[in-house]
2 protein chains.
Amino acid sequence: MSRVRQTVTLTADLVILTIRNGTLCVLVVERGNEPFAGHLALPGGFLRGDESLDETAARELAEETGMRAEGLHLRQVGVYSAPDRDPRSPRVVTCAYLAIAPDLPLPAAGSDARSAHWLPVVEVQRMGLAFDHDRILSDALELARAELQFRTIATAFCGEEFTIAELRKVYEVIWGVKLDKSNFHRKVTDADGFIVPTGGKRPTGNGRPAALYRAGEATTLSPPMMMPRSSDV
Amino acid sequence: MSRVRQTVTLTADLVILTIRNGTLCVLVVERGNEPFAGHLALPGGFLRGDESLDETAARELAEETGMRAEGLHLRQVGVYSAPDRDPRSPRVVTCAYLAIAPDLPLPAAGSDARSAHWLPVVEVQRMGLAFDHDRILSDALELARAELQFRTIATAFCGEEFTIAELRKVYEVIWGVKLDKSNFHRKVTDADGFIVPTGGKRPTGNGRPAALYRAGEATTLSPPMMMPRSSDV
DNA sequence: AAAATAGTGTCTATCAGACACTATTTG
DNA sequence: CAAATAGTGTCTGATAGACACTATTTT
């Protein structure tokens, strides 16, 4: 029996990241059903007969956050298929997706009869998640760190309009480093199609108001924004 | 029916790359069974009940090439789950893997009752593959190009011992560029744990014999070997 | 004016690319 | 010696990081 092909059910699980109050947060749900009822887990859902897993992920993302998935950063992290990762039968295999959201209010709780919350990533890692979702979360974070270097996804954490300081904060929070203000400014304004000035300004309370930008057309970042190498050493 | 969770069968498909006579080649099989009987396709196999997809991929790799998968570069490319990608029922979803092999003789043909061949990638792309394997192949190639920059996988294309010229040829073939001999030499010898001199020399027919190296301990390449940016411009 | 934040200019160490040069082999 | 390939040295332009400086706002 172990040597024959097996039928499984497929889920798409989502690691939806955002930045709130300068802290990297992830959307987690409290599970209502077994297995792991009452435990925290990543949001996700089952593949339907008429859709691909990418479509499953986009549908779940829309249900959980109200975001339209079109033009949104939604990227496969990997497949998690250990035979014992989920006690259910038929066996459940999942494909994890990374999504990035601006700091949005969540739709009314209970839209999916589950309670969804933004929680700081560090706190989630301390508490632990159901299934193999701890591993999925850390893999997704690693992917996000790498993608920041080569793709223009950092703007997805910001609203429609943002300042360069806000964009810099994205890099600092996800990479866990402090970046030089001047050098960052130079690099993002030089990068081709990364950000476009809107002409507007945003008063910041104290100090000179910052110029506003919106995301440019480019999806890849050239030249790349390399993560400081001091951490490897 | 389309709105309920669906059971599927899972396969792991392999994009196994090697370099033969200075040409990038991929292992393809001629399908013996429907669907697509007689067509070329990527090797692959069904998930069994006692294994993960990573293990399925490693098992198939061993069956097709005779390589032991331990310590071998085997990396998920992505999941391909379009509802119409395979006409069979129950629906077939695949996870593609990238593997890299030195220039090995294949095990006796017909080990899996299928004929496996190394074919140049460009020729395979011209002829076309079954299912969505054309797309999988091009995604795997893109991944291989990117991984060459940051991981020490180039040595996996070479035998146990290799010269720096052979290693350079790997980069040149996969990136499709010509690299400067001196600068390449400097970069690979400076990179930490990338290659280790064995002390041996290999006569190349004509000319000064080249020093031999073996793969070092490092898996990530620091500093990275950046692909020349001229191609983007 | 002081404080605070945005943004610019400039110096320097480092590194990639170009390329001339030396070294060691075969014929 | 000529040819061929391996390997070294050096110059230069581009870029990242450090940091001093200017600009514009609120209190």
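To find a chain, count down the sequence lines: A is the first, B the second, and so on, and within it residues start at 1. Bear in mind the structure is a predicted one, so any value in this text is a computation, not a measurement.
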| Nearest-nucleotide comparison on DNA chain D, the residue closer to the 5′ end among B:A211 and A:K187 | B:A211

| remark: Between its two end axes (five pairs each) the helix from C:dA1-D:dT27 to C:dG27-D:dC1 turns, nearest 10 degrees, through 10°

| said: Does this structure show an ion pair linking A:E166 with A:R202, if we count only N-O contacts that are shorter than 4.0 Å? | reply: yes

| field | Atom pair distance, as rounded to whole Å: CZ in A:R186 and P in C:dT10 | value | 13 Å

| remark: B:K178 atom NZ is separated from C:dA18 atom C1', nearest whole Å, by 14 Å

| query | Any side-chain donor-acceptor pair under 3.5 Å between B:E147 and B:H73? | reply | yes

| query | Taking the six-membered ring where the residue is Trp, are the ring centres of B:Y171 and B:F157 under 6.0 Å apart? | reply | no

| 5' priority, DNA chain C, between B:K181 and A:N183 [closest heavy atom] | A:N183

| task | Could you tell me whether the side chain of A:T94 reaches within less than 4.5 Å of the side chain of A:V79, counting heavy atoms only? | result | no

| Start and end of the DNA chain D segment that chain B contacts, any atom under 4.0 Å from a heavy atom | D:dA4 to D:dT10

| message | Within the structure provided, determine whether B:I16 and B:L61 are in side-chain contact (heavy-atom separation under 4.5 Å). | response | yes

| query | Does the side chain of A:Y80 pick up a donor-acceptor pair with the side chain of A:D13 at under 3.5 Å? | reply | no

| field | Steps toward side chain to side chain contact (heavy atoms under 4.5 Å, CB included) verdict (B:I195, B:F162) | value | CA-CA 10 Å; B:I195 58 175; B:F162 51 87; 3.7 Å; yes

| remark: Across all chains, not counting sequence neighbours, the side-chain contact (heavy atoms from CB on, under 4.5 Å) partners of A:A41 are A:R31, A:A130, A:H133

| task | Classify the nucleic acid contact of B:T163 as base, sugar-phosphate or nothing, counting any heavy atom under 4.0 Å across all strands shown. | result | nothing

